[in-house]
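The next block holds one structure in the form of structure tokens; read it before the comments.
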Amino acid sequence: MGTRVSSAFDSAAGPPLVVAFEDNTLLPALFGEHDRHMARIEQEVGVTLSSRGNRVSISGDAYAQRVAKTVLRNLYERLERGHEVGPGAVDGAIRMAKADGGRTPRAGEIAIETRKRTITPRSPMQRTYLKALQESDLVFALGPAGTGKTYLAVAMAVSLLTAGRTERIVLSRPAVEAGERLGFLPGDMRDKVDPYLRPLYDALHDMMPADQVMKRLETGEIEVAPLAFMRGRTLSNAFIILDEAQNTTPMQIKMLLTRLGENASMVVTGDLTQIDLPPGERSGLREATKILEGVEGISFVHFTDADVVRHPLVSRMVRAYEAHEAHEQQGVKGSDPTGGTK
């Protein structure tokens, strides 16, 4: 794919590993402004990189050399395919190369093509998630914010819609602390619910031109609605996403799950550590995961703080909060019968 690798890297600390790139015009994008991508690879992998002409020399131990070579090659091949390389892509390539032990990725790595961008997994669990989205009619994605649960689901939905493999997208989430008490908010119904559905609109605009988003919203090919609007419907030939499902009640989530119609797929996302239900109310997502675990045709994907792909501080903050909550729960006997925190 335009890279040539010389030198062996099986010894503990061998000679520098040299990678040569055929298309010099891609190197400024590969290295980043002021070589910031190179600096990021050096910092995260533990190598020293130096470039001369179309060659990059990698110094470090054998494992680090292998990881850095894989990162550079994957980013270069991404540029060859016409895709941009930014800080997120660099961090993702580093994360994936480390998880694979620096080995060359399997041919045909999973990717989602949309009108505005190509989305590839940035963590091993994201790769598992994308595979589940392709193979299962119902997928539960559980884990902290910033792991790509909703973003990747919307990307898959948009890809299927533009390819003609589904007729419509239905995006839903509970509004106003899952109780969906919208009457006291100003404006008409759309004004009331739009603030709670904004993250879904944002993801759509990341995948499609704005005029296409508006056109498909007007024709009904894309529907964004609070969970209460799903009652009594049968959702066929659709890709359905229920976001923030930890804030559903058992009756609400059962209602939506049983709306699944012919030629339809559904993704349910949520974070069981962020339940905002009123005291005494059980989380429908928590209950559903217990009841449906092991049912054929349903996939469960569990993300952790290690899969957070936002700013590195997000991952550290998630770990800090989890440690704090674990400390507070020490000495507490039994489980919370309301399903609130444990």
Side-chain angles (χ1 to χ4, degrees), residues 1-112 118-131 147-148 303-312 315-316:
M1 293 292 293
T3 64
R4 300 186 304 279
V5 181
S6 64
S7 180
F9 46 79
D10 290 329
S11 59
L17 175 65
V18 178
V19 186
F21 302 96
E22 294 180 356
D23 188 350
N24 286 1
T25 64
L26 298 179
L27 298 188
L30 176 64
F31 297 164
E33 188 177 2
H34 304 302
D35 289 343
R36 64 175 181 174
H37 296 163
M38 301 278 275
R40 184 66 173 170
I41 295 170
E42 288 182 325
Q43 177 185 6
E44 293 298 316
V45 180
V47 294
T48 299
L49 303 177
S50 60
S51 63
R52 174 173 293 181
N54 70 329
R55 295 173 178 267
V56 175
S57 176
I58 308 171
S59 299
D61 65 54
Y63 170 77
Q65 284 182 328
R66 188 162 62 242
V67 170
K69 175 209 70 173
T70 299
V71 171
L72 287 169
R73 187 179 62 186
N74 289 348
L75 293 174
Y76 179 79
E77 292 177 358
R78 182 180 178 92
L79 291 168
E80 282 189 313
R81 293 192 295 269
H83 305 150
E84 63 181 24
V85 168
V90 174
D91 286 345
I94 293 170
R95 190 181 293 108
M96 295 296 288
K98 286 181 176 180
D100 292 333
R103 295 186 300 274
T104 301
R106 296 181 295 275
E109 180 73 89
I110 295 175
I112 302 175
T118 297
I119 294 94
T120 55
R122 293 186 178 180
S123 75
M125 194 56 66
Q126 283 197 354
R127 181 163 55 194
T128 299
Y129 184 36
L130 291 183
K131 190 168 186 281
T147 51
F303 291 94
T304 68
D305 62 89
D307 301 300
V308 172
V309 295
R310 292 180 181 168
H311 193 288
S315 182
R316 295 197 288 271

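Position 1 is the first residue of the sequence, and the numbers go up from there. Heavy-atom basis, side chains included; hydrogens, waters and symmetry copies ignored. As the structure is a computational prediction, the values presented were derived from the model and not from experiment.
Closest of all the heavy-atom pairs between Arg95 and Val308 is NH2-O, 3.5 Å. When every heavy atom of Gln126 is checked against every heavy atom of Thr120, the shortest pair comes out as OE1-O, 4.2 Å. Nearest heavy atoms, Leu17 versus Gln65: N-NE2, 3.4 Å. Between His37 and Gly86, the shortest heavy-atom contact is NE2-C, 4.0 Å. Heavy atoms only, all atoms of each residue included: Leu26 and Leu79 are closest at O-CD1, 3.5 Å. The two atoms that bring Val45 and Ala68 nearest to each other are CG1-N, 4.0 Å, heavy atoms only.
In this structure, NE2 on His83 lies 3.0 Å from OG1 on Thr118, to the nearest 0.5 angstrom. The distance from atom CG of Asp35 to atom OG of Ser51, rounded to the nearest 0.5 Å, is 6.0 Å. With values rounded to the nearest 0.5 angstrom, Arg78 atom CZ is found 12.0 Å from Leu30 atom CG.
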Is there a side-chain contact (heavy atoms from CB on, under 4.5 Å) between Leu75 and Val90 once you walk through the steps?
CA-CA 7 Å; Leu75 293 174; Val90 174; 4.0 Å; yes
How far apart are the C-alpha atoms of Val56 and Phe31, what are their side-chain angles, what is the distance that settles it, and do they pass the side-chain contact (heavy atoms from CB on, under 4.5 Å) test?
CA-CA 10 Å; Val56 175; Phe31 297 164; 3.8 Å; yes
What's the verdict on side-chain contact (heavy atoms from CB on, under 4.5 Å) for Lys131 and Arg127, showing C-alpha distance, side-chain angles and the deciding distance?
CA-CA 6 Å; Lys131 190 168 186 281; Arg127 181 163 55 194; 6.0 Å; no
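Ring geometry, Phe303 versus Tyr129: the interplanar angle exceeds 60°, so the pair is classed perpendicular (tilted spans 30 to 60°).
By the 4.5 Å heavy-atom criterion applied to side chains, Asp23 and Tyr76 are counted as neighbours. Between Ile94 and Ile41 the shortest side-chain heavy-atom distance falls below 4.5 Å. In this structure, the side chains of Thr48 and Glu42 come closer than 4.5 Å at one or more pairs of heavy atoms. The side-chain heavy atoms of Arg40 and Asp91, taken from C-beta on, include a pair separated by under 4.5 Å. Looking at heavy atoms from C-beta onward, Pro121 lies in side-chain contact with Met96 at the 4.5 angstrom threshold. Side-chain contact between Ile58 and Leu72 is present, with heavy atoms from C-beta onward closer than 4.5 Å.
For the pair Arg122 (side chain) and Ala93 (backbone), a donor-acceptor distance under 3.5 Å is absent. Asn54 contributes a side-chain N or O that, together with a main-chain N or O of Phe21, makes up a donor-acceptor pair within less than 3.5 Å.
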